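Before any comments, here is the structure.
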2 protein chains.
Amino acid sequence: MTGTERTWSITELAEEFGITLRTIRFYEEQGLLTPARNGTRRIFADGDRVRLGLVLRGKRLGFPLDEIKKIIGMYDAEPGEVGQLRYLLDQIEQRRAELEMRRRDIDATLSDLADLERRCRADLERLSV
Amino acid sequence: MTGTERTWSITELAEEFGITLRTIRFYEEQGLLTPARNGTRRIFADGDRVRLGLVLRGKRLGFPLDEIKKIIGMYDAEPGEVGQLRYLLDQIEQRRAELEMRRRDIDATLSDLADLERRCRADLERLSV
DNA sequence: CTTGACGCTTACGTTAACGTAAGTTTGGGC
DNA sequence: GCCCAAACTTACGTTAACGTAAGCGTCAAG
């Protein structure tokens with residue numbers, strides 16, 4: 001019996017993640033979250049909280065919500081049959097390729113910024129001496 | 001006299017980058033591009049082409065256009081005075097922090113995908129033996 | 001029992017980033 | 001001189017991802 005049965009209210013999660021109630025409700029509406037209910041009130045369990053974290057991580061990466069939904073959906077897919085597994089592996093490969101391209105873009109941009117910074121510092125040097 | 005004075009038409013650039021004419025015109029409207037004109041027709045020089053590449057890289061990273069505008073604006077800022085340079089260095093630092101966070105997010109996601117792939121392959125193994 | 005604080009459900013408004021006509025110009029080839 | 005492909009300029013439409021009321025339910029505290 002793992003005693004870690006803590007739950008969260010919608011405001012608690014919103015404050016923790018720095019988002020609004022509307023956003024959380026919207027994510028549920030879009031099928032990204034499926035919190036339990038106590039009457040009409042939403043009750044968020046540990047799994048819901050983790051999923052919300054994944055959604056926000058996807059957002060920080062600039063993915064649209066329906067893409068994020070697919071990615072997260074991959075995580076909690078049941079083993080299933082061989083065809084499903086092959087399809088899933090294919091999807092994983094696609095996401096990986098996408099993410100690696102993004103990393104290349106990031107590295108290129110960081111490199112550009114580094115160049116720019118060098119030039120800036122050189123200019124400062126010239127002006128201050 | 002560098003003889004590399006080649007120019008491009010709007011359709012040429014659109015085809016090269018796989019975007020529409022509308023998109024290019026929209027970017028100009030937003031001040032992201034400022035091609036020369038021959039009468040009413042847009043003439044794109046080498047610099048315009050590079051800028052367009054930077055815009056699209058920013059888009060792949062999921063940045064909004066006005067953010068992209070600021071970042072690109074940093075690249076071709078004239079040396080200027082000391083205050084400007086300090087401000088620019090500060091901006092560079094902010095972008096860098098943002099980009100490094102994104103890279104961490106990417107690495108975390110790639111790691112999750114790798115886990116998932118291992119599980120998939122294990123499941124496939126069990127089913128096929 | 002009433003009063004907040006918290007939560008809920010419509011439902012219309014908003015912004016970004018183009019899409020999509022619709023009608024007009026223009027420069028080069030026959 | 002005529003024509004067509006390539007461009008151009010309005011200008012309204014669209015989608016995603018929430019924002020922003022407005023109005024109602026509820027339950028623990030005073």
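Hydrogens, waters and symmetry mates are skipped; everything else that's a heavy atom, side chains included, is used. Residue numbers start from 1 in every chain, and the chains themselves are labelled A, B, ... in the order their sequence lines are given, proteins ahead of strands. Given the structure is predicted, the values throughout are model-derived calculations rather than measurements.
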Exercise for the section: Determine the sole option in A:Arg95, A:Arg102, A:Arg96 for which the salt bridge (charged side-chain N to carboxylate O under 4.0 Å, His left out) test with A:Glu98 is passed. Expected result: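 Looking at A:Arg95, A:Arg102, A:Arg96, the match for A:Glu98 under the salt bridge (charged side-chain N to carboxylate O under 4.0 Å, His left out) is A:Arg102.
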Length of the [atom1]-[atom2] vector between [X] and [N], whole Å:
| X | N | atom1 | atom2 | value |
| --- | --- | --- | --- | --- |
| B:Asn38 | C:dT26 | CG | P | 12 Å |
| A:Glu67 | D:dT15 | CD | P | 19 Å |
| B:Leu21 | D:dA6 | CG | P | 10 Å |
| A:Glu29 | D:dT15 | CD | C1' | 15 Å |
| B:Glu28 | D:dA7 | CD | P | 14 Å |
| B:Glu12 | D:dA5 | CD | C1' | 14 Å |

Practice task
Tell me what A:Arg42 touches on the nucleic acid: a base, only sugar-phosphate, or nothing, going by heavy atoms under 4.0 Å.
Solution key: sugar-phosphate
Practice task
Under 4.0 Å between any heavy atoms, over every strand shown, what does A:Ile10 touch: base, sugar-phosphate, or nothing? Just pick one.
Solution key: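 The answer is sugar-phosphate, as A:Ile10 gets under 4.0 Å only of primed atoms, P, OP1 or OP2.
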Mind listing the N/O atom pairs, protein and nucleotides 16-19 of chain C, below 3.5 Å?
| unit_1 | atom_1 | unit_2 | atom_2 | d |
| --- | --- | --- | --- | --- |
| C:dA17 | OP1 | B:Leu65 | N | 2.8 |
| C:dC18 | OP1 | B:Lys59 | NZ | 3.4 |
| C:dC18 | OP2 | B:Tyr27 | OH | 2.7 |
| C:dC18 | OP2 | B:Lys59 | NZ | 3.3 |
| C:dG19 | OP2 | B:Thr20 | OG1 | 2.8 |
| C:dG19 | N7 | B:Arg22 | NE | 3.2 |
| C:dG19 | O6 | B:Arg22 | NH2 | 3.1 |

Indicate yes or no: does [X] engage [Y] in a salt bridge with an N to O separation below 4.0 Å.
| X | Y | value |
| --- | --- | --- |
| A:Arg25 | A:Glu29 | no |
| B:Asp66 | B:Lys69 | no |
| B:Glu28 | B:Arg37 | yes |

Close side-chain approach of [X] and [Y], heavy atoms under 4.5 Å:
| X | Y | result |
| --- | --- | --- |
| B:Trp8 | B:Asp48 | no |
| A:Thr11 | A:Glu16 | no |
| B:Leu32 | B:Leu54 | no |

Completion exercise
Tightest non-hydrogen contact, residues A:Met74 and B:Leu113, listed as CE-CD2, 3.8 Å
Using a cutoff of under 3.5 Å, can you pull out all pairs of nitrogen or oxygen atoms linking the protein to nucleotides 22-26 of chain D, with atom names and distances?
| unit_1 | atom_1 | unit_2 | atom_2 | d |
| --- | --- | --- | --- | --- |
| D:dG25 | N2 | A:Arg41 | NH2 | 2.9 |

Exercise for the section: May I have the step-by-step check of salt bridge (Lys or Arg N to Asp or Glu O under 4.0 Å) for B:Asp105 and A:Arg60, ending in yes or no? Expected result: CA-CA 8 Å; B:Asp105 283 333; A:Arg60 285 197 303 273; 2.7 Å; yes
